[in-house]
> 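Take this structure first; my questions come after.
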Amino acid sequence: MNRIAGGILGGATGISVMSLLFLMLEVETREQVRAFDAVARYVGMPGNTFVGFVTFAFVGTVIWPLLFVAIEPSLPFDDPPSNGMVLGAALWIAFFVLGRGDISGPLLAVFAGFTIAAHLAYGFLLGAFYNRFSDAPESTADRPEPEVDRNSP
């Protein structure tokens, strides 16, 4: 599989897990957070949860993985899952600032906890699937040294 397909597979897996964590957040807060409505507001369609979810799923499955494939070699770690978590943390900062709406008090702490966990899980899965299913060169640090045949001339 090539790097782009590996990234998109990772994005699809990560966004599935992230969606489940956001669903848990909605259940735990009795639908006070409305994370997908935040995405809908951001794209200019306030109150349209369906458009918010479709946008969320598309961006998380296609756009962010393509960005990850492009910038992964320049991220700080040699490990794609760790680099994915760096991207997830950056995305969380933007989501936390732009997506929290008028949430405050103890609910803000719950929102922060669930959303950082969801974004880090997304980033980890994006990087792990990218690493596993792409044709990216493997790290040579864990490979044993090749044996040298001392009997050859």
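This chain uses plain numbering: 1 for the first residue, then up along the sequence.
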> Return the minimal non-hydrogen interatomic distance between Gly10 and Phe129, and the atom names on each side.
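Looking at all heavy atoms of both residues, the shortest contact is CA-CB, 3.3 Å.
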> Could you check whether atom CZ of Phe95 has more than 12 heavy atoms from other residues, nucleotides or ligands sitting under 6.0 Å from it?
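It does: Phe95 CZ has more than 12 such atoms within range.
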> Check for me, please, whether Leu125 and Leu20 land in the same ILVMFWY cluster - side-chain distances under 4.5 Å, paths through other members count.
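Result: no, two separate clusters.
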> On a heavy-atom basis, which atom in Gly7 and which in Val69 lie closest, and how many Å separate them?
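Heavy atoms of Gly7 and Val69 come nearest at CA-CG2, 4.2 Å.
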> Main chain of Ile71, side chain of Ser74: is a donor-acceptor contact present, judged purely on distance under 3.5 Å?
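Side chain of Ser74 to backbone of Ile71: a pair is present.
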> Could you tell me whether a side-chain N or O of Tyr130 sits under 3.5 Å from a main-chain N or O of Gly84, the two making a donor and an acceptor?
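Looks like no, no N/O pair under 3.5 Å.
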> Are Arg41 and Asp37 packed together at the side-chain level, in the sense that at least one heavy-atom pair is separated by less than 4.5 angstrom?
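Yes; the side chains approach each other to less than 4.5 Å.
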> Given Val59 and Trp64, is the side chain to side chain contact (heavy atoms under 4.5 Å, CB included) satisfied, shown in steps?
CA-CA 6 Å; Val59 170; Trp64 296 139; 3.2 Å; yes
> For a quick test of reading the model, state the closest non-hydrogen atom pair linking Gly52 to Val39 and the distance between them.
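Heavy atoms of Gly52 and Val39 come nearest at O-CG1, 3.5 Å.
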> About how many Å separate CG of Leu126 and CD of Glu72, when rounded to the nearest 0.5 Å?
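The CD atom of Glu72 sits 9.5 Å away from the CG atom of Leu126.
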> Just how far is it from atom CD1 of Ile4 to atom CG of Leu66, taken to the nearest 0.5 Å?
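The CG atom of Leu66 is 6.0 Å from CD1 of Ile4, to the nearest 0.5 Å.
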> For residues Gly11 and Pro65, report the shortest heavy-atom separation together with the two atoms involved.
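Shortest heavy-atom separation between Gly11 and Pro65 comes out as CA-CG, 3.6 Å.
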> To check you understand the geometry: which heavy-atom pair defines the closest contact between His119 and Gly88, and what is its length?
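Closest pair (atom of His119, atom of Gly88, distance): CB-O, 3.4 Å.
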> Enter the distance from Leu23:CG to Phe114:CZ here, rounded to the nearest 0.5 Å.
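It comes to 10.0 Å.
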> Just wondering, do Leu75 and Phe68 contact through their side chains at under 4.5 Å, heavy atoms?
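When only atoms from C-beta onward are counted, Leu75 and Phe68 do touch, with a gap below 4.5 Å.
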> Heavy-atom distance under 4.5 Å between the side chains of Val43 and Phe56, does that happen here?
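Not in contact.
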> Less than 4.5 Å apart, side chain to side chain, heavy atoms only: is that true for Val17 and Leu21?
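Of all side-chain heavy-atom pairs linking Leu21 with Val17, at least one is under 4.5 Å.
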> Kindly indicate whether the side chain of Ile15, heavy atoms from C-beta on, has any atom under 4.5 Å from the side chain of Tyr122.
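Touching, per the 4.5 Å side-chain cut-off.
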> Could you check whether any side-chain heavy atom of Ile63 comes within less than 4.5 Å of a side-chain heavy atom of Leu67, counting everything from C-beta outward?
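With C-beta onward as the side chain, the pair stays apart.
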> Do the non-hydrogen side-chain atoms of Phe77 and Met85 ever get within less than 4.5 Å of each other?
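Not touching, per the 4.5 Å side-chain cut-off.
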> So if you build clusters from Ile, Leu, Val, Met, Phe, Trp, Tyr with side-chain heavy-atom gaps below 4.5 Å, do Val54 and Tyr42 land together?
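The answer is no; the residues belong to distinct hydrophobic clusters.
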> Rounded to the nearest 0.5 Å, what's the gap from CZ on Phe133 to CG on Leu9? Could you check?
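These two atoms lie 6.0 Å from each other.
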> Taking atom CG of Leu91 and atom CE of Met18, what is their separation to the nearest 0.5 Å?
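Leu91 atom CG to Met18 atom CE measures 7.0 Å (nearest 0.5 Å).
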> Please check if atom CG in Leu120 has more than 12 non-hydrogen atoms from other residues, nucleotides or ligands closer than 6.0 Å.
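Count over threshold, so yes.
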> Indicate yes or no: at least one non-hydrogen side-chain atom of Phe22 is less than 4.5 angstrom from one of Thr115.
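Answer yes - side chains close enough.
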